[in-house]
Amino acid sequence: MTRRDDEARRSVLSPDAGAAPGHRPAPGCLAVLGRREQRQVQRAQPPPVHPDHLGGDLPAGPSAVDPCERSFTAYGFKETVTPRAMTLADIEETVEEYRVASENARRAGFDGVEIGALGVFLFAQFLNPRLNRRTDAYGGDRARRRRLLLDVVDAAAGAWGRRGVGVRLSPWWTGGRFTADAATLADYDELVTALNDHPVAYLHLRGPDLAHPSDVADPAVFARHRRRFGGPLIVNNGFDQASANTAVREGVADAVSFARHFVANPDLVSRFALGRALAAGDPAAYYEGGARGYADYPAAG
């Protein structure tokens with residue numbers, strides 16, 4: 001581990017890291033309001049990683065295979081590089097990082113953690129047979145490719161007694177070496193079934209991307225996973241208020257999460273409740289690094 005890696009690791013694992021004065025009690029305030037807050041935890045490397053994030057060092061991955069993605073750096077988007085293959089010691093350290101991060105989230109007052117295994121994050125890379133070409137206990141077939149994620153779920157759950165850990169997946173993610181075909185969807189079917197045997201509080205699924213901006217999500221695409229997972233299911237991506245209500249009403253999901261709508265509508269819940277129109281986001285500004293187009297949208301009058 002490099003010095004920069006160690007600094008990143010310590011900042012992620014500290015319950016007070018990066019918190020502004022007075023920010024830490026926020027989860028407790030939410031509890032008073034009758035709400036619950038889950039902390040999403042990721043490994044201390046951006047997705048997908050680039051040497052610019054690591055002081056010039058090579059990032060680590062399941063195997064030495066370039067994911068062929070773009071990585072957002074301080075200098076803008078750059079093409080990814082071929083990572084070094086993680087050693088067994090790297091994997092053991094990663095599991096321990098998540099265990100400690102989960103414990104720190106509990107100490108900081110959160111109600112649980114969510115393991116982000118979506119997109120091109122590390123777990124998604126391990127699940128991907130095009131990127132995971134290992135021949136040890138963490139690659140070679142479906143069961144071994146999902147072992148890292150399940151090891152982390154079990155380790156992170158220890159802080160909560162049993163079911164304080166959610167898992168977020170994106171079976172339909174497409175780009176670079178990620179393709180949602182029959183084989184990869186079957187991999188995710190088995191993974192979702194396997195989650196029933198682990199202390200998972202809920203499953204959070206990112207659905208397929210929409211063909212056109214005016215389209216809305218089809219709740220029916222999540223039915224295959226609803227049949228396989230026995231716990232609460234949250235679905236995401238492309239929903240509006242009407243389609244979200246349909247998904248819950250028809251039993252396809254127990255809840256629907258929103259991301260882009262919340263960026264442009266900090267008062268999204270109030271807008272839904274009052275039937276007010278939603279503001280449109282500015283995708284061109286999402287990665288600028290400042291407030292414009294990210295934290296400067298006004299609330300509805």
Side-chain angles (χ1 to χ4, degrees), residues 27 30-42 102 105-106 110-119 121 123-124 127 146 149-150 152-154 156-157 159-173 180 185 187-210 215-263 265 267-275 278:
L30 289 174
V32 171
L33 294 172
R35 304 173 186 173
R36 294 293 179 264
E37 184 166 352
Q38 298 282 124
R39 173 75 173 184
Q40 188 176 90
V41 289
Q42 307 284 2
S102 182
R106 184 192 65 78
F110 288 93
D111 299 292
V113 296
E114 179 177 279
I115 307 299
L118 73 163
F121 284 99
F123 298 121
L127 294 170
R146 62 178 177 257
L149 174 58
L150 298 179
V152 164
V153 167
D154 292 343
W160 309 96
R162 182 159 173 77
R163 296 188 181 273
V165 177
V167 175
R168 190 172 188 204
L169 304 173
S170 55
W172 295 275
W173 190 276
L185 289 175
D187 287 354
Y188 277 95
D189 287 346
E190 286 195 10
L191 169 59
V192 168
T193 300
L195 291 176
N196 291 301
D197 298 324
H198 294 265
V200 176
Y202 64 87
L203 176 61
H204 187 181
L205 293 177
R206 182 187 188 277
D209 285 328
L210 304 180
D215 292 345
V216 295
D218 178 8
V221 301
F222 298 97
R224 63 188 295 159
H225 300 107
R226 182 57 145 176
R227 292 193 300 269
R228 290 173 171 83
F229 184 66
L233 177 63
I234 303 172
V235 297
N236 166 269
N237 200 28
F239 285 90
D240 58 12
Q241 184 178 11
S243 58
N245 286 338
T246 297
V248 174
R249 183 174 59 252
E250 295 182 354
V252 173
D254 297 286
V256 177
S257 68
F258 296 89
R260 282 171 293 199
H261 283 325
F262 260 119
V263 172
N265 301 272
D267 56 345
L268 181 65
V269 175
S270 297
R271 290 188 188 230
F272 277 168
L274 299 175
L278 301 186

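The model shown is predicted, which means the values in this text are computed figures rather than measured ones.
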To the nearest 0.5 Å, tell me how far [X] [atom1] sits from [Y] [atom2].
{"X": "R106", "Y": "D111", "atom1": "CZ", "atom2": "CG", "value": "12.0 Å"}
{"X": "L127", "Y": "S170", "atom1": "CG", "atom2": "OG", "value": "9.0 Å"}
{"X": "L169", "Y": "F229", "atom1": "CG", "atom2": "CZ", "value": "9.5 Å"}
{"X": "E114", "Y": "S102", "atom1": "CD", "atom2": "OG", "value": "12.5 Å"}

Provide the closest heavy-atom pair for [X] versus [Y] in the form atom of the first, atom of the second, distance.
{"X": "P232", "Y": "A201", "answer": "CD-O, 3.4 Å"}
{"X": "P199", "Y": "V153", "answer": "O-CG1, 4.3 Å"}
{"X": "P219", "Y": "F239", "answer": "CG-CE2, 4.0 Å"}
{"X": "A156", "Y": "I115", "answer": "CB-CD1, 4.3 Å"}
{"X": "V235", "Y": "A253", "answer": "CG2-CB, 3.7 Å"}
{"X": "W172", "Y": "R206", "answer": "CE3-O, 3.4 Å"}

Fit a plane to each ring of F262 and F258, take the angle between them on a 0 to 90° scale, and name the class: parallel (under 30°), tilted (30 to 60°) or perpendicular (over 60°).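 Aromatic pair F262/F258 classed perpendicular.
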
Report yes or no: does [X] contribute a side-chain atom to a donor-acceptor pair with the main-chain N or O of [Y] at less than 3.5 Å?
{"X": "N196", "Y": "T193", "value": "yes"}
{"X": "R228", "Y": "R224", "value": "yes"}
{"X": "N265", "Y": "L278", "value": "no"}

Do you know which of D154, L149, V165 makes side-chain contact (heavy atoms from CB on, under 4.5 Å) with H198?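 Exactly one option meets the side-chain contact (heavy atoms from CB on, under 4.5 Å) with H198, and it is D154.
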
Is it the case that the ring center of W160 lies less than 6.0 angstrom away from the ring center of F110?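 Not under 6.0 Å, so no.
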
Student check: side-chain heavy atoms of [X] and [Y] closer than 4.5 Å:
{"X": "L205", "Y": "L203", "result": "yes"}
{"X": "R146", "Y": "E190", "result": "yes"}
{"X": "F123", "Y": "L118", "result": "no"}

D189 with R227: basic N within carboxylate O range, under 4.0 Å: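 Salt bridge: no.
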
Does atom CZ (R260) have a neighbourhood of more than 12 heavy atoms from anything else shown, all under 6.0 Å?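 Count not over threshold, so no.
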
